[in-house]
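We name chains A, B, ... by the order of the sequence lines, and we start the count at 1 in each one.
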Amino acid sequence: MTSGRVLVAMSGGVDSSVCARLLVDAGYECTGATMRLATNEDDRPGERTCCSTDDIADARQACWDAGIRHRVFDYSREFARDVIDPFVAAYEAGLTPNPCVACNRHLKFGALLDLALELGYDHVATGHYARVTHDVAGWHLLKGVDTRKDQSYFLFGLTQERLAHVMFPLGGMLKDPEVRDIAASYGLTSANKKDSEGICFVPGGDHLRFIEERTGRIAPEGDILDTEGNVLGRHQGALRYTLGQRKGLGVACAKPVYVCKVDTVANTVTLGDEDRLMASALVAGEWNWVSGHVPAEPVRAAAKVRYRQPDQPCVATPLPDGRVRLEFDAPQRAITPGQATVLYLGDEVLGGGTIEHVE
RNA sequence: UGGGGUAUCGUCCAGUGGUUAGGACCCGGGAUUUUGAUUCCCGUUACCUAGGUUCGAAUCCUAGUACCCCAG
């Protein structure tokens with residue numbers, strides 16, 4: 001189990017740097033790979049992105065330190081096509097997309113994995129906090145041991161074929177202090193580098209501006225309504241809002257109010273009490289069953305409706321058209337179309353999909 | 001323009017002689033976070049105006065101003 005050629009996805013951060021060192025030390029023949037996902041002119045000094053020139057330099061340095069080759073692959077076209085464009089289209093349709101899921105599915109474990117196999121590598125390794133196991137039933141995708149950092153939520157799109165060629169060396173470790181200690185023991189410059197956060201391709205977190213620059217269209221102002229239809233104020237573009245949002249509404253009421261409806265057709269945003277956000281069932285599409293098999297019967301399991309949410313007990317029912325209906329034991333807050341929902345049985349990811357609507 | 005009522009942070013309210021003028025919401029900053037949100041912490045901002053009574057007034061009195069209600 002300690003031989004083979006591994007392409008290690010290197011972001012320039014702590015996790016992937018430690019990941020590479022661990023694999024090298026374990027005897028794997030490694031090459032570091034960094035994907036260039038944004039175009040060069042998008043690099044803005046001082047604004048952190050996941051693929052800035054600085055990060056590529058960090059990745060190169062980490063590879064140098066580890067004594068392995070470093071290669072940079074330009075996937076900016078694929079990234080634009082498979083991640084950014086759908087992201088923009090989703091917002092314009094009034095949805096709240098999760099670009100990280102798309103990036104994992106289409107880029108890291110899509111294009112990059114395909115290329116790796118083509119080039120004769122056996123595996124692609126990343127610094128994700130998740131685990132892959134194998135038994136007679138096939139490959140299993142499990143949560144990372146570090147429950148605070150578990151990233152299996154973003155990986156539900158992995159299939160049996162892909163899991164066979166994926167390695168997550170950090171899946172059994174704790175980020176703090178284990179991974180950072182290892183980084184420190186190797187003297188990695190990234191040991192204390194801050195975790196990445198925010199959408200990597202949206203500078204400053206202003207996705208409205210990003211979308212406007214991308215499309216050349218200015219999102220029109222519109223009314224902010226209460227649940228009775230009364231006008232409470234004006235919004236600066238309906239796609240700036242997402243279900244359950246409280247901050248940035250500019251509306252002062254006796255109680256905090258939350259976005260409970262975004263209508264990009266009527267161009268209105270509706271605000272209401274938190275209890276109006278509760279719902280017990282949803283239907284998700286683009287569903288992937290990690291096992292490769294659609295269950296014949298409804299499955300008693302637990303699901304997340306958003307990242308970093310405790311698993312919520314539910315029953316998952318496969319629908320004839322490939323979609324899956326989740327019925328939760330308890331009402332869930334702000335189930336948001338466009339977001340991912342992931343089904344778990346204990347630590348194992350059974351599958352996941354994109355929330356289409358709430359019932 | 002008859003009678004009654006109310007005027008306090010951006011908003012809604014609390015505070016009836018001595019308070020660092022309090023809270024909620026909004027807003028700003030930070031924490032958390034490989035999506036968007038949520039959540040948590042910290043913070044800025046106010047007594048309608050002019051007189052008067054008091055050792056002392058957001059608090060009492062008078063006038064002015066503004067708004068509201070009932071009358072008409």
For [N], give the paired nucleotide (Watson-Crick: N1-N3 plus N6-O4 or O6-N4; G-U: N1-O2 and O6-N3; both under 3.5 Å), or none.
N     : answer
B/G43 : B/C27
B/A14 : none
B/G2  : B/C70
B/U38 : none
B/G64 : B/C48

message = Suppose you measure atom P in B/G28 against the same atom in B/G10; what distance do you get, rounded to whole Å?
response = 16 Å
message = I'd like the C1' distance from B/U8 over to B/G23, given in whole Å.
response =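 About 13 Å, rounded to a whole number of Å.
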How many whole angstroms separate atom [atom1] of [X] from atom [atom2] of [N]?
X      : N     : atom1 : atom2 : result
A/Q309 : B/U35 : CD    : C1'   : 14 Å
A/R306 : B/U39 : CZ    : C1'   : 11 Å
A/N98  : B/G36 : CG    : P     : 9 Å
A/L232 : B/C12 : CG    : P     : 14 Å
A/L277 : B/U39 : CG    : P     : 11 Å
A/I211 : B/U35 : CD1   : P     : 16 Å
A/D206 : B/G36 : CG    : C1'   : 13 Å
A/R234 : B/G10 : CZ    : P     : 24 Å

query = When we call it a touch if two heavy atoms are under 4.0 Å apart, what does A/G13 touch: a base, just sugar-phosphate, or nothing?
reply =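 It contacts nothing in the nucleic acid.
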request  = Tell me what A/V259 touches on the nucleic acid: a base, only sugar-phosphate, or nothing, going by heavy atoms under 4.0 Å.
outcome  =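 Nothing, no nucleic acid heavy atom in range.
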key: Expected output: side-chain A/H140 to main-chain A/H134 donor-acceptor under 3.5 Å   =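 It does not hold such a pair.
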query = Where the side chain of A/Q339 meets the backbone of A/P97, is there a donor-acceptor pair that is under 3.5 Å apart?
reply =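 Looks like yes, one N/O pair under 3.5 Å.
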message = With heavy-atom distances below 4.5 Å as the criterion, would you say the side chains of A/F154 and A/N98 are in contact?
response =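 Yes, their side chains come closer than 4.5 Å.
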ask   = Considering heavy-atom distances to RNA chain B, does A/C100 or A/K247 have its closest nucleotide positioned more toward the 5' end?
value = A/C100
ask   = Between A/A254 and A/Y258, which is nearer to the 5' end of RNA chain B once each is assigned its nearest nucleotide?
value =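 In this pair, the answer is A/A254.
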task = Taking the six-membered ring of A/Y258 (Phe, Tyr or Trp), confirm whether the NZ or CZ of A/R333 is under 6.0 Å from its centre and within 45° of its axis.
result =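 Yes, cation above the ring, under 6.0 Å and within 45°.
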ask   = Does A/R21 make a cation-pi contact with A/Y186 (under 6.0 Å, within 45 degrees of the axis)?
value = yes
ask   = A/R246 side chain N/O closer than 4.0 Å to the phosphate oxygens (OP1, OP2) of B/A37?
value =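 It does not, given that no N or O in the side chain of A/R246 lies less than 4.0 Å from OP1 or OP2 of B/A37.
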Got a list of protein N/O to nucleotides 31-33 of chain B N/O distances below 3.5 Å?
from  : atom 1 : to     : atom 2 : distance (Å)
B/U32 : O2'    : A/R308 : NH2    : 3.2
B/U33 : O4     : A/E197 : OE1    : 2.8
B/U33 : O4     : A/E197 : OE2    : 2.3

key: Out of B/C26, B/U35, B/G36, whichever nucleotide has its closest atom nearest the side chain of A/Y153   = B/U35
ask   = Do the charged groups of A/D150 and A/R131 touch, with an N to O distance under 4.0 Å?
value =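 Looking at A/D150 and A/R131, the cut-off is not met.
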Note: A/D15-A/K175 ion pair, threshold 4.0 Å (strictly below) =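 A salt bridge is present here (some side-chain N lies under 4.0 Å from a carboxylate O).
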query = Side chain of A/Q339, base of B/U35: donor and acceptor closer than 3.5 Å?
reply = yes
